[in-house]
Number of protein chains: 2
Amino acid sequence: MAVWRVLAERGFQGLTLRAVAAEMGASTGLLTHYFPSKRALLKHALDVLEQQAAERPRPAAERAGDAKGLAMLRAVLLDILPLDRENADGNRIWVSSWDVALADPELAAEHAERYRRARENMTRLVADAQRLGELPADRPAGDLAAAAQSFVLGLVVQALFAPQEFPPARQTELLDAYLAGLAAG
Amino acid sequence: MAVWRVLAERGFQGLTLRAVAAEMGASTGLLTHYFPSKRALLKHALDVLEQQAAERPRPAAERAGDAKGLAMLRAVLLDILPLDRENADGNRIWVSSWDVALADPELAAEHAERYRRARENMTRLVADAQRLGELPADRPAGDLAAAAQSFVLGLVVQALFAPQEFPPARQTELLDAYLAGLAAG
DNA sequence: CCAGGTACGTAACAAACGTTTGGTAGGTAC
DNA sequence: GTACCTACCAAACGTTTGTTACGTACCTGG
């Protein structure tokens with residue numbers, strides 16, 4: 001999608017009707033034919049963002065195969081981190097989207113819903129790990145999932161700003177140490 | 001500062017020369033007299049943002065008094081979280097700033113430096129806690145500080161998007177559980 | 001007193017923006 | 001055949017943007 005290409009090159013600041021139209025070799029009239037307003041295009045851009053996130057390669061999860069429990073949770077979290085260029089680009093766009101999303105209540109609600117779903121998925125993985133005895137069962141799975149998502153989200157932000165201080169190896173170590181703390185706690 | 005008021009009302013998207021000029025009852029000519037370009041104003045806005053963050057009230061830290069170690073670390077982290085309206089507003093602006101910062105290498109570097117300093121402070125607190133035996137000493141203080149900052153940063157983002165799912169009480173609980181895990185690990 | 005710099009305001013600039021208008025081409029229904 | 005709808009383009013609209021040019025107070029040092 002042209003919207004995605006524009007986002008990758010210019011970010012949300014550069015997501016203008018003209019830029020998208022030019023990227024797909026069309027006119028701005030075409031865009032307004034499909035999107036009644038700029039907000040509609042922004043909304044669509046966030047959908048595209050989510051779709052791209054869903055379809056992106058997940059090397060760690062693939063390597064984990066059909067593993068269950070803690071190993072799968074680790075793989076999912078690892079695949080979120082900006083360990084390579086593509087994931088760093090995707091995460092940069094994602095972080096940028098927080099600005100436009102927070103400025104518009106409806107877009108914020110949609111974003112909140114996306115994160116809620118992500119937490120839900122993660123909660124399932126945590127519950128699996130608890131059932132396998134890999135994680136303590138004395139804390140609600142939802143809390144552990146929310147905590148894990150927070151940790152990874154924050155690590156993404158820090159790694160984006162200071163990639164030399166948070167090279168892939170250190171990101172992995174920090175995540176593993178976090179998970180080890182969860183398992184021990 | 002007028003810049004701060006504009007940021008609070010319209011965010012970074014609405015930070016225009018005219019908006020700032022109107023907010024301080026002056027003309028755009030005045031602004032260009034002090035800021036050679038919009039980028040300079042943006043740079044200044046990020047400075048103001050940092051200054052506001054430095055000068056904002058820190059109820060938890062004050063309540064903690066001259067406590068040391070883990071208690072002080074907890075207070076500092078608590079004061080970051082969006083537990084009330086003012087801190088939520090400040091955090092919203094802060095998160096929004098990531099968009100403009102990530103789009104400009106120089107601004108990104110300045111932001112990275114800010115977070116590095118914050119981690120440095122937190123590293124000192126962690127080291128204190130380790131010396132007091134409140135946190136295990138088998139992990140580098142820098143790693144623990146980076147991990148704690150990641151956790152809090154991510155929790156801020158999630159709480160901003162889903163305030164009803166992350167009310168102050170739950171934010172506090174999640175943070176305490178995280179710190180307990182650190183201490184036990 | 002007066003030269004010169006600092007501190008502003010006024011006004012305009014070109015560019016870019018989102019949006020609107022008017023029109024063309026092609027397909028479909030009757 | 002003709003009425004109508006969808007898909008699209010070209011062009012312009014009015015507004016807002018960052019920036020610049022120019023004028024005028026005010027102050028200060030000599």
Side-chain angles (χ1 to χ4, degrees), chain A residues 1-51 92-93 95-111, chain B residues 1-51 92-93 95-111:
Chain A
M1 199 59 89
V3 172
W4 177 254
R5 261 170 286 147
V6 173
L7 279 182
E9 284 176 31
R10 320 216 218 171
F12 270 91
Q13 311 245 36
L15 186 73
T16 69
L17 297 181
R18 280 170 176 77
V20 175
E23 182 68 35
M24 55 192 263
S27 68
T28 67
L30 168 64
L31 279 180
T32 63
H33 182 65
Y34 290 103
F35 304 105
S37 72
K38 169 86 184 267
R39 259 190 91 251
L41 195 155
L42 264 181
K43 224 162 147 172
H44 176 68
L46 294 184
D47 282 342
V48 169
L49 190 55
E50 181 182 23
Q51 182 188 342
R92 204 187 328 273
I93 297 177
V95 170
S96 289
S97 79
W98 293 342
D99 180 34
V100 299
L102 282 176
D104 186 305
E106 189 181 342
L107 301 183
E110 293 183 13
H111 245 37
Chain B
M1 201 57 91
V3 173
W4 176 255
R5 260 171 286 146
V6 172
L7 280 181
E9 284 177 30
R10 320 218 220 168
F12 270 91
Q13 311 245 32
L15 186 74
T16 69
L17 296 181
R18 281 168 178 80
V20 175
E23 182 69 35
M24 55 193 263
S27 68
T28 68
L30 168 64
L31 280 179
T32 63
H33 183 65
Y34 290 103
F35 303 106
S37 72
K38 169 88 185 265
R39 261 189 90 251
L41 195 156
L42 263 182
K43 224 162 146 172
H44 176 67
L46 294 184
D47 282 342
V48 169
L49 191 56
E50 181 181 23
Q51 182 189 343
R92 203 186 330 271
I93 297 177
V95 170
S96 289
S97 79
W98 292 343
D99 179 34
V100 301
L102 282 176
D104 186 305
E106 188 179 342
L107 300 182
E110 292 183 14
H111 245 37

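Protein chains get the first letters and strands the later ones, always in sequence-line order, with residue 1 at the start of each.
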- request: Sorted by first residue and then second, give each ring-ring contact (aromatic ring centres under 6.0 Å, His included) pair with at least one member in residues 14-40 of chain A; sequence neighbours left out.
  value: F35(A)-H44(A)
statement: What one should report as the nearest heavy-atom pair of A21(A) and L31(A) is N-CD1, 3.7 Å
- request: Indicate the atoms forming the closest heavy-atom contact of P36(B) with A40(B), along with that distance.
  value: CD-CB, 3.8 Å
statement: Distance col, row L42(A):CG vs D47(A):CG, nearest 0.5 angstrom, shows 11.0 Å
query: Going from CD on E110(A) to NZ on K43(A), what distance comes out if it is rounded to the nearest 0.5 angstrom?
result: 5.0 Å
task: For DNA chain C, list all stems, counting runs of three or more consecutive pairs where every pair is Watson-Crick or G-U wobble with both distances under 3.5 Å.
output: C:1-30 with D:1-30
query: Residues two or more places apart in sequence or in another chain: which of them pass side-chain contact (heavy atoms from CB on, under 4.5 Å) with Q13(A)?
result: D99(B), V100(B)
task: Whole angstrom is fine here: how far is it from CG in L41(B) over to P in dG18(D)?
output: 9 Å
- line: For F12(A), the ring-ring contact (aromatic ring centres under 6.0 Å, His included) test, sequence neighbours excluded, returns none
- prompt: How does protein contact run along nucleotides 6-17 of chain D, one letter per nucleotide 5' to 3', with B for base contact, S for sugar-phosphate only, - for none, heavy atoms under 4.0 Å?
  reply: -BSB-BB----B
query: Is there any salt bridge (charged side-chain N to carboxylate O under 4.0 Å, His left out) pair reaching into residues 19-40 of chain A, and which pairs are they, with sequence neighbours excluded?
result: R5(A)-E23(A), R39(A)-D104(A), R39(A)-E106(A)
